[in-house]
> 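Pasting a structure below so you can have a look.
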Amino acid sequence: MRSSSFPKGRLVMADLGCASGPNTLLLVSEVIKAVHKLSRELGQECPELQVFLNDLPGNDFNNVFTSIQGFKENMKKEMGEPNSEPPLMISIVGVPGSFYDRLFLTDSLHFIHSSYSLHWRSRVPQGLEENKGNIYLTSSSPPGVLEAYCKQFQTDFSSFLKFRSQELVTGGRMVLTIPARRGEQHSEKECCYLLMSMALNQMATEGLIDQQKLDSFNLPLYMPSAMEVETEVRKQGSFAIEHLELWDMDWNVYEDEVFKRYALLLSDWMAKVSPAFVSLTVSLTKRH
Ligand SMILES: C[S@@+](CC[C@H](N)C(=O)[O-])C[C@H]1O[C@@H](n2cnc3c(N)ncnc32)[C@H](O)[C@@H]1O
């Protein structure tokens, strides 16, 4: 956070795609600590913090709400202010809805954050009928499928930028971390869904799941390249990119029938290539 743009009195922020679990309040805690530290350094009173936690209406907001009281108490203790008077004011509110729609009042936010959520599309792209046997893009997907996914990303991301620009104050910041890809090609080395597709196809061959259902199933996802993100930001025009970075994270595996198969395929795959989850973090400032 820049001291020049540090708002006095009140800081209003939103975390989009907050989910419900151990990560939900992680970002909020980091922001609170940063604001608190900077206030001290500037010799200012810590601003009141208004935090909006957004996710789709089906998210378990009740679970999030039950953890808020304990979270606030821990934060105050961690910052050495358990009995401060007046107490550090943090208001945390749930906002159900899609971030591909307007969510907040005009010019009402100073900071927007979203991590590992913007790869979800608002809908399954149209025109994926030929993507049989695949559940996402692979090298065997016909060109029309790639185009359909790419177009859906462009539509969604430009709506996202437009709505957020209406909600952020001028000079407000937005930091987005998105599962991404390194190059312009859709590399299978960077995509775990090929193996998931193989596991599901094995199960269809064994009659455990219906082949037709599998053929008609496509994930509403898209991992953009840095160039695709930059192009949409430039086209939409409301934001200046301050910083953009691609970075890798190790893969992880879970338990379940499909995941057991996935794990077997994955270990075989990992022996041959060194796959990585590619993430892209972009920091943007709303133009005047
Ligand atoms: C993998 S979780 C990310 C959780 C957390 N932000 C993190 O970094 O660990 C993705 C979240 O995005 C939410 N999501 C997907 N599409 C969304 C949309 N259109 N609007 C709001 N939330 C969405 C999902 O419901 C899910 O909770």
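We count ligands from 1, going down the list as the structure has it; atoms in each ligand are counted the same way.
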> For the 3.5 Å polar cut-off, considering only N or O atoms, please tell me whether S117 and ligand 1 meet it.
yes

> Look only at the side chain of E167 and the backbone of L103, and say whether a donor-acceptor pair between them is shorter than 3.5 Å.
yes

> May I ask you to decide whether K37 forms a salt bridge with E41, counting only side-chain N to carboxylate O separations under 4.0 Å?
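Between E41 and K37 there is a salt bridge, with a charged N closer than 4.0 Å to a carboxylate O.
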
> Given D156, D101, D55, N54, which has its nearest heavy atom closest to atom 13 (C) of ligand 1?
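Of the listed residues, D55 has the closest heavy atom.
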
> State whether the side chain of S117 and the backbone N or O of S115 hold a donor-acceptor pair below 3.5 Å, judged by distance alone.
yes

> Determine yes or no for a side-chain-to-main-chain donor-acceptor pair under 3.5 angstrom, with R164 supplying the side chain and F99 the backbone.
yes

> Answer with side chain, backbone, both or neither: which part of N23 has a heavy atom less than 4.0 angstrom from an atom of ligand 1?
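Near ligand 1, N23 shows its side chain, while the N, CA, C and O stay back.
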
> In terms of residue, atom name and distance, what is the protein heavy atom nearest to atom 1 (C) of ligand 1?
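Scanning the protein heavy atoms, the shortest distance from atom 1 (C) of ligand 1 goes to Y116 O, 3.4 Å.
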
> Using the rule that Ile, Leu, Val, Met, Phe, Trp and Tyr join whenever any side-chain heavy atoms are under 4.5 Å apart, tell me whether L56 and L219 fall into a single cluster.
no

> With respect to G17, determine whether any N or O atom, backbone or side chain, lies less than 3.5 Å from an N or O atom of ligand 1.
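N/O-N/O distance under 3.5 Å: yes.
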
> What is the nearest protein non-hydrogen atom to atom 15 (C) of ligand 1, stated with its residue, atom name and distance?
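Nearest neighbour among protein heavy atoms for atom 15 (C) of ligand 1, to 0.1 Å: W120 CD1, 3.6 Å.
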
> Is there a heavy atom of G97 sitting under 4.0 angstrom from any atom of ligand 1?
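So G97 counts as touching ligand 1.
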
> What protein heavy atom sits nearest atom 8 (O) of ligand 1, and how far off is it?
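Minimum-distance protein heavy atom for atom 8 (O) of ligand 1 reads S115 OG, 2.5 Å.
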
> Strictly distance-based, threshold 3.5 Å: is any side-chain N or O of D60 a donor or acceptor partner for the main-chain N or O of N63?
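Yes; judged by distance alone, with no hydrogens or angles, the pair exists.
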
> Which is it for F99 and ligand 1 at heavy atoms under 4.0 Å: side chain, backbone, both or neither?
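Both of them.
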
> Considering only NZ, NE, NH1 and NH2 on the basic side and carboxylate oxygens on the acidic side, decide whether E30 and K33 come within less than 4.0 Å.
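A salt bridge is present here (some side-chain N lies under 4.0 Å from a carboxylate O).
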
> What atoms of ligand 1 come closer than 4.0 angstrom to any heavy atom of Y100?
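Those of ligand 1 that fall under 4.0 Å from Y100 are 19 (N).
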
> Spell out, as yes or no, whether a donor-acceptor pair under 3.5 Å connects the side chain of S114 to the backbone of L16.
yes

> Any atoms of ligand 1 less than 4.0 Å from a non-hydrogen atom of A19? List them with their elements.
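Listed by number with element, the hits are 4 (C), 27 (O).
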
> Using distance alone, decide if ligand 1 has a nitrogen or oxygen within less than 3.5 Å of any nitrogen or oxygen in S98.
yes

